[in-house]
Amino acid sequence: MSDEIKDTSIDTFLEELASSSATPGGGSAAAIMGAMGAALISMVCNLTIGKKKYVEVEDEMKSVLEKSESLRVALTGMIADDVQAFDQVMGAYGMPKETDEEKEARSEAIQAALKTATDVPLQCCKVSREVIDLAKIVSDKGNLNVISDAGVAVLAGQAALRSAALNVLTNAKMINDKDFAQAKLKELEGLLSGAGSATEEAYGVVEGKLS
Ligand SMILES: Nc1nc(=O)c2c([nH]1)NC[C@@H]1CN(c3ccc(C(=O)N[C@@H](CCC(=O)O)C(=O)O)cc3)C=[N+]21
């Protein structure tokens with residue numbers, strides 16, 4: 001699929017995801033999950049801003065909306081970024097490996113591609129973590145009529161974070177530059193830390209409001 005992946009219909013995207021072609025893969029799926037989380041946060045903000053009952057949180061909701069829209073744009077871009085990154089990995093594996101020179105060039109290309117294919121989902125983790133943190137704010141303060149959507153947003157952020165994390169883990173394992181891999185895993189650990197409890201807390205708040 002091309003760079004225009006974000007412009008394809010949901011149906012076509014899912015067909016491509018389901019197909020035996022390597023991309024889009026789980027990395028792109030993680031990004032779109034995060035983008036859905038961000039979109040739902042924006043939706044809750046848009047339905048809270050301008051309501052008399054929520055005038056006290058209006059400024060905060062406006063600020064959350066600005067951030068969630070920027071996260072949504074970033075995550076939407078990562079759907080294609082991940083396709084490109086993983087296509088590079090597959091392309092490198094497909095290089096000829098007859099001569100020593102070819103083997104060397106192939107190995108270098110694989111290693112370079114794996115680094116990018118680690119960085120893209122790590123970036124997705126970073127932005128998805130922000131989705132979780134913003135979803136928590138709208139779960140606490142958003143319009144009660146759409147509070148279930150705030151709960152969906154937090155779970156989408158969590159799914160995106162943990163899904164992108166799996167892509168980081170699987171690629172980092174294959175990287176020979178252990179300093180690089182260690183640094184990325186360390187960064188990942190920081191992003192995962194506390195995310196589960198933030199998710200459960202926000203989900204609990206939403207459930208509490210609905211029961
Ligand atoms: N940033 C990132 N994004 C990913 O989407 C991502 C990733 N990293 N890391 C690893 C996993 C795994 N994954 C595969 C998808 C299809 C095949 C696939 O089509 N394999 C063919 C072989 C194809 C060939 O050799 O040309 C097969 O097993 O028959 C393999 C692997 C995507 N992932």
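Hydrogens, waters and symmetry mates play no part in the numbers below; they use all other heavy atoms, side chains included.
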message: Show the nearest heavy-atom pair for residues Ser68 and Ser42, with the distance to one decimal.
response: OG-OG, 2.8 Å
query: Which atom pair, heavy atoms only, marks the closest approach of Val89 to Ala117?
result: CG2-CB, 3.7 Å
- prompt: Given side chains that start at C-beta, do those of Cys45 and Lys62 come closer than 4.5 Å, heavy atoms only?
  reply: no
For Gly50 against Glu58, the heavy-atom pair lying closest together: N-OE1, 3.1 Å
- prompt: Does NZ in Lys178 sit with more than 12 non-hydrogen atoms of other residues, nucleotides or ligands closer than 6.0 Å?
  reply: yes
- line: Residues passing the salt bridge (charged side-chain N to carboxylate O under 4.0 Å, His left out) test with Arg72, sequence neighbours excluded, are Glu69
- prompt: Of Ile49, Val138, Leu134, which is the lone residue that meets side-chain contact (heavy atoms from CB on, under 4.5 Å) with Leu65?
  reply: Ile49
query: Any donor-acceptor pair under 3.5 Å linking the side chain of Glu200 with the backbone of Gly196?
result: no
Geometric cation-pi criterion Lys115 and Phe180, 6.0 Å radius, 45° cone: yes
- request: Any chance you could measure Thr23, atom OG1, to Met90, atom CE, to the nearest 0.5 Å?
  value: 8.5 Å
- prompt: Is it the case that one hydrophobic cluster holds both Val131 and Leu122, taking links as side-chain heavy atoms less than 4.5 Å apart, direct or via other members?
  reply: no
- request: Give the minimum heavy-atom separation between Leu188 and Ala165, together with the two atoms involved.
  value: CD1-CB, 3.7 Å
- prompt: Do you know which of Val152, Ile147, Leu155 makes side-chain contact (heavy atoms from CB on, under 4.5 Å) with Val206?
  reply: Ile147
task: Carefully, step by step, assess Lys67 and Glu130 under the rule salt bridge (Lys or Arg N to Asp or Glu O under 4.0 Å).
output: CA-CA 9 Å; Lys67 289 182 199 145; Glu130 293 182 59; over 6 Å; no
- request: Search all heavy atoms of Asn143 against all heavy atoms of Thr48 and return the closest pair with its distance.
  value: N-OG1, 2.9 Å
- prompt: Shared ILVMFWY cluster between Ile32 and Leu14, side chains joined below 4.5 angstrom?
  reply: yes
query: Ignoring hydrogens and geometry, is there a side-chain-to-backbone donor-acceptor pair from Ser107 to Lys103 under 3.5 Å?
result: no
task: Kindly say whether Met174 contributes a backbone atom to a donor-acceptor pair with the side chain of Gln111 at under 3.5 angstrom?
output: yes
query: Is it true that a side-chain atom of Thr170 and a backbone atom of Leu166 form a donor plus acceptor pair closer than 3.5 Å?
result: no
message: I'd like to know if the side chain of Tyr54 reaches the main chain of Leu144, judged simply by a donor and an acceptor atom lying under 3.5 Å from each other, with no hydrogens or angles considered.
response: yes
task: Give a yes or no on whether Leu161 and Leu185 share a hydrophobic cluster (residues Ile, Leu, Val, Met, Phe, Trp, Tyr; joining criterion: side-chain heavy atoms under 4.5 Å apart).
output: yes
- request: Under the side chain to side chain contact (heavy atoms under 4.5 Å, CB included) rule, what do Glu16 and Ser21 come out as? Steps first, then yes or no, please.
  value: CA-CA 7 Å; Glu16 287 288 330; Ser21 69; 3.9 Å; yes
- prompt: Does atom CD1 of Ile10 have more than 12 heavy-atom neighbours, drawn from other residues, nucleotides or ligands, at distances under 6.0 Å?
  reply: no
Donor-acceptor contact below 3.5 Å, side chain Lys209 vs main chain Asp140: yes
statement: Rounded to the nearest 0.5 angstrom, the CG-CG distance for Leu114 and Asn171 is 5.5 Å
- request: Hey, could you give me the CZ/OG1 distance between Arg106 and Thr99, rounded to the nearest 0.5 Å?
  value: 12.0 Å
message: I need the Arg162 CZ to Cys125 SG distance, nearest 0.5 Å.
response: 11.0 Å
- prompt: Minimum heavy-atom separation for Ser28 to Ile79, with atom names?
  reply: OG-O, 2.8 Å
message: Any non-hydrogen side-chain atom of Glu102 less than 4.5 Å from a side-chain atom of Met95?
response: no
field: Euclidean distance, Ser197 OG relative to Ile132 CD1, rounded to 0.5 Å
entry: 9.5 Å
- prompt: Quick check: are there more than 12 heavy atoms from other residues, nucleotides or ligands sitting under 6.0 Å from NZ of Lys97?
  reply: no
- request: Evaluate the criterion side chain to side chain contact (heavy atoms under 4.5 Å, CB included) for residue pair Gln158 and Tyr203; output intermediate values, then yes/no.
  value: CA-CA 11 Å; Gln158 168 78 335; Tyr203 191 86; over 6 Å; no
- prompt: Any link between Met78 and Val73 through a network of hydrophobic side chains (Ile, Leu, Val, Met, Phe, Trp, Tyr) touching at under 4.5 Å?
  reply: no
query: So Asp82 and Cys124, side chain to side chain contact (heavy atoms under 4.5 Å, CB included) or not? Walk me through it.
result: CA-CA 9 Å; Asp82 202 85; Cys124 182; over 6 Å; no
- prompt: Would you say Val205 and Val154 are hydrophobically clustered, going by side-chain heavy atoms of ILVMFWY under 4.5 Å?
  reply: no
- request: Determine yes or no for a side-chain-to-main-chain donor-acceptor pair under 3.5 angstrom, with Ser193 supplying the side chain and Glu189 the backbone.
  value: no
- prompt: If you count the non-hydrogen atoms of other residues, nucleotides and ligands that lie under 6.0 Å from CD in Gln182, is the total more than 12?
  reply: no
field: Glu4/Asp7 under side chain to side chain contact (heavy atoms under 4.5 Å, CB included): CA gap, chis, key distance, verdict
entry: CA-CA 5 Å; Glu4 302 303 312; Asp7 299 322; 2.9 Å; yes
- line: To the nearest 0.5 Å, atom OG of Ser9 lies from atom CD of Glu15 at 8.5 Å
